[in-house]
**Student:** 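Shown below is the structure under consideration.
These numbers come from the heavy atoms of this one structure, side chains and all, not from hydrogens, waters or symmetry mates. In what follows, chains are A, B, ... by sequence order, proteins preceding strands, each numbered from 1.
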Amino acid sequence: MTCPVAIRIQEDDFDIAREIAVLTRSRTDIGAVVSFSGICRADDDSSKIAALTLEHYPGMAEEEIKRHVDEAMSRWPLNGVTVIHRVGRFMPGQNIVLVLTASQHRRAAFEAAEFLMDYLKTSAPFWKKEESAAGAGWVEAHARDDEAAARWTKS
Amino acid sequence: MTCPVAIRIQEDDFDIAREIAVLTRSRTDIGAVVSFSGICRADDDSSKIAALTLEHYPGMAEEEIKRHVDEAMSRWPLNGVTVIHRVGRFMPGQNIVLVLTASQHRRAAFEAAEFLMDYLKTSAPFWKKEESAAGAGWVEAHARDDEAAARWTKS
Amino acid sequence: MKVKYFAWVRERVGKAEEIIEPPASVRTVEELIAWLSGQGEAYAYAFEKPKVIRTAIDHAHVKADAAIAGAREIAFFPPMTGG
Amino acid sequence: MKVKYFAWVRERVGKAEEIIEPPASVRTVEELIAWLSGQGEAYAYAFEKPKVIRTAIDHAHVKADAAIAGAREIAFFPPMTGG
């Protein structure tokens, strides 16, 4: 089973249709493709967000994502994985992250995508700074994200 | 919370990027969009598939999907749902179904998309006929699909 | 009442839909399937394994013991395989 | 050894990276954080809640009791909030 992997950290936006096309082009063994796109929201539970700045740890970020993609590939029979994380300054409505998983069956594609997102949130070295009317401040980690990631270590 | 719903049964292909754009356009309350695309595979576990024909029950198919979309909206805080199911004759590699869910947070979007796919498989009135070297035959329902749908009735 | 057939049920019966007039003694889906099975070889073949057949009344799934009184459209088909 | 700081740790320390030469008695991440905290007000502020600080050695997450011997690059940062 061929499972091409693409991991990119970039300032530019991504094109989901293009990324899916790259993953599935001239293959007939893929039955399911799941995409997750994370988008900058204007409302973070409490405050109104004007913009979001994403900082990352170059080098480690790619390696950490790669480790989790490898883990996902060992857990589920995947036919392709693409992870794109943008960095820079974003306005509400703009894309931040894309995870694509392809598999023969839907369950593996869904679970692998959710697994990757849960780990991206809690273990990939990215940090968000929010700008709102109250000023700028670093986003605090959510306990719910740790809990989401912890699900995958139970069996 | 606005949650536009689009349900279409059509022969034409769909454009995921366009559908996501329609769902998210000029909104800043969506933080997560999950897409599932189901694609015609050349291999159905055992036999080599040359083509697949999708038949449906017009009227009931739309209503049945709508019932499950309503159920999904009552279970998860969704900001948008699109379900497109194609009918007609397909070659391996061609798109068959698209489910898009949008929400503030990723967990709701993931779960609602998986819920909708599980119910589309087992309760929406569509039937697949496969053409292979051995001739043409109706695809049998998989026990694993019933089990997948049954997950959502436990709590 | 109008009856519709889909997938291999349609192929076996040899038609996609028809108007039927079962006797008043036929009250449930189960009884309707038994009655249809007696309407000739094609029907007997289509309904040879009644437990496999799924039924919808007026576009909603129903069980074998559902009453057919008042139904405008009854559809018979195999387990669904969409998605 | 090279040390890197990210997010508010970087802002508090006032620099993104530097070369440090801790004494040989500093053996673990925990001890390194304690030593850095003594290097001036900016460091004391950045590391005032050492339990909140996450550490990576050569691009891999490590715990507070990890040995720093042989490390080429050590990074300190708050809990991650990407995705």
**Student:** For the residue pair A/R27 and B/R41, establish whether any side-chain heavy-atom pair is separated by less than 4.5 Å.
**Tutor:**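 They are not in side-chain contact.
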
**Student:** Which atoms form the tightest heavy-atom contact between B/G93 and A/T28, and what is the distance?
**Tutor:** N-CG2, 4.3 Å

**Student:** Most heavy-atom pairs under 4.5 angstrom with chain A, which of B/Q94, B/R18, B/R106, B/M91?
**Tutor:** B/R106

**Student:** Working to the nearest 0.5 Å, report the span between CD1 of B/I20 and CG of A/N95.
**Tutor:**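 If I round to the nearest 0.5 Å, the distance is 8.5 Å.
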
**Student:** Measuring only between side-chain heavy atoms, which start at C-beta, is B/D29 closer than 4.5 Å to A/D43?
**Tutor:**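 Not touching, per the 4.5 Å side-chain cut-off.
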
**Student:** Taking atom CD of A/E140 as the centre, does the number of heavy atoms from other residues, nucleotides or ligands within less than 6.0 Å exceed 12?
**Tutor:** no

**Student:** When heavy-atom pairs shorter than 4.5 Å are enumerated against chain B, which of A/I96, A/V34, A/T101 gives the highest number?
**Tutor:**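 Ranked by heavy-atom pairs under 4.5 Å with chain B, first place is A/V34.
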
**Student:** Between B/I30 and chain A, with a heavy-atom cut-off of 4.5 Å, which part of the residue counts as in contact: side chain, backbone, both or neither?
**Tutor:**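 For B/I30, backbone and side chain are both near chain A.
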
**Student:** So what's closer than 4.5 Å to chain A heavy atoms on B/T24: side chain, backbone, both or neither?
**Tutor:**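 Only the side chain of B/T24 comes within 4.5 Å of chain A.
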
**Student:** Flag the one option from A/S26, A/G31, A/A32 with the top tally of heavy-atom pairs under 4.5 Å to chain B.
**Tutor:**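 Most heavy-atom pairs within the cutoff with chain B belong to A/G31.
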
**Student:** With a 4.0 Å cut-off on N to O distance, would you call A/D145 and B/R107 a salt bridge?
**Tutor:** no

**Student:** Using only non-hydrogen atoms and a strict under-4.5 angstrom cutoff, which residues of residues 108-120 of chain B touch chain A?
**Tutor:** B/F110, B/A113, B/E114, B/M117, B/D118

**Student:** Would you mind checking which part of B/L100 comes under 4.5 Å of any heavy atom in chain A, side chain (CB onward), backbone (N, CA, C, O), both or neither?
**Tutor:** neither

